[in-house]
Novice: 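Dumping the structure here so I can ask a few things about it.
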Amino acid sequence: MIKYKELIMAYNHKTIEKKWQNFWDKHETFKTAEKTDKPKFYALDMFPFPSGQGLHVGHPEGYTATDIVSRMKRAQGFNVLHPMGFDAFGLPTEQYAMKTGRFPADITKENVANFRKQMKSLGLSYDWNREVNTTDPKYYKWTQWIFEQLYKRGLAYEDKIMVNWAPDLLGGTVVANEEVIDGKTERGGFPVYRVPMRQWVLRITAYADRLIDDLDDLDWPESIKEQQRNWIGRSVGASVFFDIENNNEKIEVFTTRPDTLFGASYMVLSPEHKLVDEITTPAQQVAVEEYRKAIASKSDLERTDLNKDKTGIFTGAYAINPVNGEKLPIWIADYVLASYGTGAIMAVPAHDTRDYEFAQKFALPIKAVIEGGDIDKEAYTGDGKHINSDFLNGLDKTAAIEKIIVWLETHNRGAKKVNFRLRDWIFSRQRYWGEPIPVINWEDGETTLVPEAELPLKLPYSDDIKPTGNGESPLANITDWVNVVDENGRKGRRETNTMPQWAGSSWYFLRYVDPDNQTALADLDKLKYWGPVDLYVGGAEHAVLHLLYARFWHKFLYDLGVVPTKEPFQKLVNQGMILGENHEKMSKSKGNVVNPDDIVEQYGADTLRLYEMFMGPLDQSIAWSEDGLAGSRRWLDRVWRLIMDDQNKLKANIVDNNDGKLAKIYNETVKKVTSDYEGLRFNTAISQLMVFVNDAYKVEQLPVAYIEGFIKLLAPVVPHIAEELWSQFHPDNSLAYAAWPTYDESKLVEDEIQVVLQVNGKVRGKIIVAADITPEELEKRALAEANMQKQLADLTIRKVINIKNKLINVVAN
RNA sequence: GCCGUUGUGGCGGAAUUGGCAGACGCGCUGGACUCAAAAUCCAGUUCCUUCACGGGAGUGUGGGUUCGACCCCCACCGACGGCACCA
């Protein structure tokens, strides 16, 4: 439905937008200078995956935001780096290629061309000379190089890991946890088995502490920082060693509450714990085996989400509490996860909800060691005086933890310990369309890296990219690529797994700084000049994965001395989602999808940019409104008519003379718009520009200086129409680098001010007074005002609050 | 369940440090222009009450602090996002 009717109008967005896009291209207006004396500003968008669908209306929101800031900063004399590129590896392309029998590389090329064309049609001021593409061998050479550095420092390793294996899907493939529902694949409903498989893993946990601690200094949304903290999940506690009766092994547990050690009444191992076979007594052997078998077919999801009812079985063995020598029965239960801590716990049912539930179900003893609460009803997890705890009696939680840790350490029974929820990053994918992992496995068992001089290790062209069916990547089928022989005739086989999509996106912002460098991922001096990113805008869906992985790689590169800063992105902003007109997420099935190409065609890119910025705060999710969009276009028409007449000439009332009538509003507008752009408050900046236009329509004469200033303020949001209007004053010249307007503070103050009059906090009137009035005189005038007199007639004045130049509040009763 | 964000007219949203609630836009109403319509320009538009001046209520709910609260504090309710037996 088209609400805005296209008429024969003076403001023709089609001609104007094409004209200026060509102008910018031809003159390379936005080509970034190398290092200069100017201060730098690095404004970055999260680069997109170039899907076959093209841009959706959510993309231009973030892109316009960084574009506005970039354009303002250029006018303010900054050297601005504002690049764009493509995160082009990924499963959707691979699947589309299989369906159509085409090469992923060819599909990618087309999609990228389409994306670039769409972005140019939006008038975004990117320096396209710096475009990067993660699938370009010249780019992924350095992705592979970073992997090799990680490997050399022991931060990339191979491990057998439990994966979700779906043998009946796509001829056998591994699926992600998110793709498994109720033990079946999300697509197709095929059964999923948990099997151990050899995977490449990156030791992100080695950086866990720094990844948490360095969040404090970042200018990021609190919610994202909090998500990362929770994801990393640092908890401080102690590890404690328990002897086993009639066995030389020890059980190590991690606990955040070592102070409750005297309250331990049993122990639990995860069913997969390596000591289970060793300690299970013959009498319990069959029962334990059956339990473990039942657990094995369950996914992690089922074990946690679907199973709040505790299950478990006694092993027949006993451990010894190191602090008092008590015998503790050892159980196995699936509420203890093999993947966290040591996969074993000491159970203190009196003071832990989960242990309490388990103890209730299996009639295990519950022994209180902290005062407070009622352990007949529920576990007490709060603080309090310790009881039944020998040398800890009388202490509170903090003091008791400190004391027991000293005891454990001096008796060699444990130590203070920090544990993380974060696990190492599974880095291999059994896919074709990703960066090859540059590793060779030789027949004698040796594993070597592809020598740096031979990078990039190129992904071979292949028209057979179907899964192998045995869990290996399609690359395993390409025999002349996989099989290698070294100079001594030794045979080897290349690693066939590829890297995940997160690899290329973990460092792309560094490459923009020096995109053609052949000898380093980027020149260190250039990185020193441009880094870190001053403004990074993108969707909140990348809160943990991309943003955590990128921080991890950046810190690693920092340790290598390859990058000069600890953190990659100083300021981060998440744009909100644009919802459909029915306030639901846009989707084809709901039929509420808005296509940006259609908007650009009908209303113009400037209208789209203006509308998306005016809808509301950048970080908020807001529903699309066709009426609102049409209103934005109408306002641009109104701006045009303010400056241009029916014959498309400058209006006759735009004059050199300045009668001062617009002085206050103009200076206010410059001040507010500048600071609002700076603070990314585009909706209020635009409303201020609207106020200026409303006022400008009410005066007879428009000073040239103010109109030029207004056009410059407008330009970052709607650059095409602004350039066209600017060219009326300065023919064939871009305003991109024209100096940003300044304001005169003295024009903002008024001779007369309005003061609000209140009685007991309620507004009873307003008076206009001279700005330099004395407080005494102001009070006198306020009390003399007619309605104030009426309101105060029967009351006694107790107090008068006099806020300078703002308000008088009379307290009376 | 836990953590985070958030709640303001018919709608999207403003409100600097605790000081006029509702800027700006959409929608709606009226006027000007027009033979008429569209477009445009101007004016009005939180709700109740009043011919009017004015008065009363009002920022999810209930309390509190204050001369004064959308803003600060306590408790609760709803929406959105994340995590989910993490010992």
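Proteins come first, then strands; the chains are lettered A, B, ... in the order of their sequence lines, and each starts at number 1.
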Novice: Between A:Tyr666 and A:Phe710, does a ring pair (Phe, Tyr, Trp, His ring centres under 6.0 Å) hold up when you go through it step by step?
Specialist: CA-CA 8 Å; A:Tyr666 173 76; A:Phe710 167 74; 8.8 Å; no
Novice: Considering just the side-chain nitrogens and oxygens of A:Arg681, establish if one lies under 4.0 Å of OP1 or OP2 belonging to B:rA14.
Specialist: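 The answer is no; no side-chain N or O of A:Arg681 sits under 4.0 Å from OP1 or OP2.
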Novice: If the cut-off is 4.0 Å, is A:Asn683 near the phosphate of B:rA14, judged by side-chain N/O to OP1 or OP2?
Specialist: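 The answer is yes; a side-chain N or O of A:Asn683 sits under 4.0 Å from OP1 or OP2.
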Novice: Touch check for A:Gln758, heavy atoms < 4.0 angstrom, all strands: base, sugar-phosphate only, or nothing?
Specialist: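 Base, at least one base atom sits under 4.0 Å.
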Novice: Quick one: label A:Pro221 by what it contacts on the DNA or RNA (base, sugar-phosphate, nothing), any heavy atom closer than 4.0 Å.
Specialist: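 Here A:Pro221 touches no strand at all.
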Novice: With a 3.5 Å cut-off and no angle check, do the side chains of A:Tyr340 and A:Asn419 form a donor-acceptor pair?
Specialist: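 No, no side-chain donor-acceptor contact under 3.5 Å.
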Novice: Looking for any heavy atom pair under 4.0 Å, which part of the strands does A:Asn809 touch: base, sugar-phosphate only, or nothing?
Specialist: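 If one applies the 4.0 Å heavy-atom cut-off, A:Asn809 turns out to touch a base.
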Novice: Once you apply a heavy-atom cut-off of 4.0 Å, does A:Asn419 come out as touching a base, just sugar-phosphate, or nothing?
Specialist: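 No contact.
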Novice: Report yes if at least one side-chain N or O of A:Arg764 is closer than 4.0 Å to OP1 or OP2 of B:rG55; otherwise report no.
Specialist: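 Checking B:rG55 against A:Arg764, a side-chain N or O does come within under 4.0 Å of OP1 or OP2.
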Novice: C1' atom, B:rC2 versus B:rG68: distance in rounded Å?
Specialist: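 These two C1' atoms come out 38 Å apart once rounded.
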Novice: Is the phosphate of B:rA39, meaning OP1 or OP2, less than 4.0 Å from a side-chain N or O of A:Arg641?
Specialist: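 Checking A:Arg641 against B:rA39: no side-chain N or O falls below 4.0 Å of OP1 or OP2.
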Novice: Taking only side-chain nitrogens and oxygens of A:Asn230, does any of them come within less than 4.0 Å of OP1 or OP2 of B:rA84?
Specialist: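 No.
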Novice: Using a cut-off of 6.0 Å, state whether more than 12 heavy atoms not belonging to A:Lys274 lie near its atom NZ.
Specialist: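 Open.
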